[in-house]
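One structure is given below, encoded as structure tokens.
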Amino acid sequence: MTEFDDLDDAAKVKYSQAELAATYDELTAILDRLAALRTDGVDPDGDIRLQLGPDGRLLSLFIDESVPGRLTHLALEEKLNDLLARANVVAQDSWKSSR
């Protein structure tokens, strides 16, 4: 810190501005990496596919067209809830490991 203390006021301002810009750039890069995280999930039967963002938000959902003829709405809901729960665990683990 003594090197900083030896700088004149103008040099201290310039140094501080450079440090702030570097910190901002680093934080922006971290946020960009987090925003790019995606978790894909597919149920074992291939009836449902989904993609979650880093915050667990649902980004896309696909339900096979044959599902309405094979599953009741309650069975579909159960499958969807199970897949979302498992995908959220993966998304949270990915988010934690990326920090």
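It should be emphasised that the depicted structure is a prediction, and the values quoted were computed from it without experimental measurement.
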Rounded at 0.5 Å granularity, tell me how far [atom1] in [X] sits from [atom2] in [Y].
X   : Y   : atom1 : atom2 : result
E19 : T23 : CD    : OG1   : 6.0 Å
D25 : I30 : CG    : CD1   : 11.0 Å
E78 : D43 : CD    : CG    : 11.5 Å
N88 : R57 : CG    : CZ    : 12.0 Å
F62 : Q51 : CZ    : CD    : 14.5 Å
L71 : E77 : CG    : CD    : 12.5 Å

Handout entry: D82/R86 ion pair, N-O < 4.0 Å
Key =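 Salt bridge present between D82 and R86.
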Practice task
Identify whether the distance between the nearest side-chain nitrogen and carboxylate oxygen of D47 and K79 falls below 4.0 Å.
Solution key: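 A salt bridge links D47 with K79.
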For a 4.5 angstrom cut-off between non-hydrogen side-chain atoms, does [X] reach [Y]?
X   : Y   : value
V42 : I48 : no
L20 : Y24 : no
S60 : R49 : no

Minimum heavy-atom separation for [X] to [Y], with atom names?
X   : Y   : value
L52 : A87 : CD1-CB, 3.5 Å
L7  : A11 : CB-CB, 3.8 Å
A91 : G53 : CB-O, 4.3 Å

Problem - Stepwise side chain to side chain contact (heavy atoms under 4.5 Å, CB included) check, L50 with D40 - result: CA-CA 6 Å; L50 55 82; D40 294 318; over 6 Å; no
Problem - In one Ile/Leu/Val/Met/Phe/Trp/Tyr side-chain cluster, 4.5 Å: L58, L76 - result: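 Yes; tracing contacts between hydrophobic side chains, which count when under 4.5 Å, links both residues.
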Practice task
Answer with yes or no whether the hydrophobic clustering places L61 together with L83; edges join I, L, V, M, F, W, Y residues whose side-chain heavy atoms lie under 4.5 Å apart.
Solution key: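 Yes; tracing contacts between hydrophobic side chains, which count when under 4.5 Å, links both residues.
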Handout entry: L84/L80 under side chain to side chain contact (heavy atoms under 4.5 Å, CB included): CA gap, chis, key distance, verdict
Key = CA-CA 6 Å; L84 281 168; L80 186 56; 4.1 Å; yes
Handout entry: D9 atom CG, over 12 foreign heavy atoms within 6.0 Å
Key =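 Result for CG/D9: open.
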Practice task
Look at atom NZ of K12 and say whether more than 12 heavy atoms of other residues, nucleotides or ligands are closer to it than 6.0 Å.
Solution key: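 It does: K12 NZ has more than 12 such atoms within range.
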